A.B. asks: 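I have a structure here, written as structure tokens, and I will follow up with some questions on it.
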Amino acid sequence: MPVTIKSSREIALMREAGKRLAEVHTRLRDVIEPGISTKEIDRLGREMIEGMGCIPSFLNYNGYPASICVSVNDEVVHGIPSEDVILQEGDIVSLDAGLIYEGYHADAARTHGVGTVSPQAKQLMNVTRQSFFEGVRFAREGNHLHDISNAIDAYIRRFGYTAVRDLVGHGIGSQLHEDPQIPNFTQRRKGPMLKAGMTLAVEPMINIGRPDVEWLDDDWTVVTEDGTLSAHYENTILITDGEPEIFTLELCEQ
Ligand code: MF3
Ligand code: CO
């Protein structure tokens, strides 16, 4: 599939989708505290999304059984919410959420600390978030896709971290996953040229230890092979001829 260029109508709908998803993340952030189950986070997230008249895009996607992916500590992504998983002081938790508004998708992830976390965990979360912005500096017309990948990897390596290789970011629009794939680690090739009107989900998944991951028996939950912490940060963005527009940024962060 070629990388699609969105019309101004499509862009307007994706902007609205993004605004709603940013609000979901703002509100979910407030419910993160020791004692909450990951199932309850999913229930609240689904209620928020549906309350906005939107569709939770992850629910039943390839059989995924929830609306919010909740991944704790060494879980990288796609954790399945459970009544039996209770957040504890010092945990880090990644929330990945997606919604559909008027046929268009937004996709975004945040990693939060539960109560007070170790300095190591805090740094991992900050560096992962910052790596997104380091990559997105290069997200403009005329640059190449892998300028984003290379910038993310170069930044996180300065801290001795590694980028997960088995999972990548993606184009997004009327489908959750569109071309191109967006790696978070250094690429030899330049990748496709970026053009105004492309919409991308850029999502670094960063480990303190080795980059290798494995899948749990539930066939969804991705964990680090060495058991070290992993963080995830993702936004849906629009390529323009100048600064990219970040559709899913919380208002307080802009
Ligand atoms: N944000 C993730 C992605 O971009 C989550 C989708 S996987 C799902 O791939 F199955 F849970 F929907
Ligand atoms: Co995504």
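We count ligands from 1, going down the list as the structure has it; atoms in each ligand are counted the same way. The structure presented is a predicted model; accordingly, all values stated were derived computationally and were not measured.
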A.B. asks: Considering both backbone and side-chain atoms of Asp107, is one of its nitrogen or oxygen atoms within less than 3.5 Å of a nitrogen or oxygen in ligand 1?
C.D. replies: yes
A.B. asks: Do any N/O atoms on Ser57 end up under 3.5 angstrom from N/O atoms on ligand 1?
C.D. replies: no
A.B. asks: Looking only at side chains, do Tyr104 and Gln175 share a donor and an acceptor under 3.5 Å apart?
C.D. replies: no
A.B. asks: Report the part of Phe58 in contact with ligand 1, treating N, CA, C, O as backbone and CB onward as side chain, heavy atoms under 4.0 Å; options are side chain, backbone, both, neither.
C.D. replies: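 Under 4.0 Å from ligand 1, Phe58 contributes backbone and side-chain atoms.
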A.B. asks: Any luck finding a side-chain donor-acceptor pair between Thr111 and Ser94 under 3.5 Å?
C.D. replies: yes
A.B. asks: Vertex the Co ion (ligand 2): angle to OE2 of Glu234 and NE2 of His170, to 10°?
C.D. replies: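 About 110°, to the nearest ten degrees.
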A.B. asks: Please state which option from Val77, Asp96, Asn60 has its nearest heavy atom closest to atom 1 (N) of ligand 1.
C.D. replies: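 Residue with the shortest heavy-atom distance to the ligand atom: Asp96.
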A.B. asks: So with a 6.0 Å cut-off around CD of Glu214, is the heavy-atom count from everything else above 12?
C.D. replies: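 Counting other residues, nucleotides and ligands, CD of Glu214 exceeds 12 neighbours.
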A.B. asks: Do we see a donor-acceptor contact under 3.5 Å between the side chains of Thr186 and Asp153?
C.D. replies: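 Note: Thr186 and Asp153 side chains meet the donor-acceptor criterion.
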A.B. asks: Between Ser82 and Lys39, do the side chains contain a donor N or O and an acceptor N or O under 3.5 Å apart?
C.D. replies: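 On atom types as modelled, these side chains do not qualify, holding no pair under 3.5 Å.
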A.B. asks: For ligand 1, which atoms sit closer than 4.0 Å to a heavy atom of Tyr64?
C.D. replies: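 Every atom of ligand 1 under 4.0 Å from some heavy atom of Tyr64: 10 (F), 11 (F).
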A.B. asks: Does one side chain, of Arg110 or Asn235, offer a donor that lies under 3.5 Å from an acceptor on the other?
C.D. replies: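 Yes, because at least one side-chain N or O of Arg110 sits under 3.5 Å from a partner of the opposite role on Asn235.
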A.B. asks: Considering only the protein, which heavy-atom contact is closest to atom 7 (S) of ligand 1, and what is its distance?
C.D. replies: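 Going atom by atom, the protein heavy atom closest to atom 7 (S) of ligand 1 ends up being His78 NE2, 3.5 Å.
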A.B. asks: Looking at His170, which atoms of ligand 1 are within less than 4.0 Å of one of its heavy atoms?
C.D. replies: 3 (C), 4 (O)
A.B. asks: Give yes if a backbone or side-chain nitrogen or oxygen of Trp220 is under 3.5 Å from a nitrogen or oxygen of ligand 1, and no if not.
C.D. replies: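 No, Trp220 has no N/O under 3.5 Å of an N/O on ligand 1.
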A.B. asks: With a 4.0 Å cut-off on heavy atoms, is Gly98 in contact with ligand 1?
C.D. replies: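 In this structure, Gly98 fails to qualify as a contact of ligand 1 - no heavy atom is under 4.0 Å.
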A.B. asks: Hey, is ligand 1 close enough to His177 that some N/O pair sits below 3.5 Å?
C.D. replies: yes
A.B. asks: Can you find a pair of side-chain heavy atoms, one from Ile152 and one from Phe133, that are under 4.5 Å apart?
C.D. replies: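 No, their side chains stay 4.5 Å or more apart.
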A.B. asks: Below 2.8 Å, any N, O or S contact between Asp96 and the Co ion (ligand 2)?
C.D. replies: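 No - counting backbone and side chain alike, Asp96 has no N, O or S atom under 2.8 Å.
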A.B. asks: What about the rings of Phe132 and His232, do their centers lie closer together than 6.0 Å?
C.D. replies: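 No, they do not, as the ring centres are separated by 6.0 Å or more.
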A.B. asks: Which angle, to 10 degrees, forms at the Co ion (ligand 2) with OD2 of Asp107 on one side and OE2 of Glu203 on the other?
C.D. replies: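 Seen from the Co ion (ligand 2), OD2 and OE2 are separated by roughly 170°.
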A.B. asks: Is the positively charged end of Arg15 above the ring of Phe247, judged by distance under 6.0 angstrom from the centroid and angle within 45° of the axis?
C.D. replies: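 Checked: cation-pi criterion not met.
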A.B. asks: With atoms numbered from 1 as shown, which atoms in ligand 1 lie under 4.0 angstrom from a non-hydrogen atom of Cys69?
C.D. replies: 11 (F)
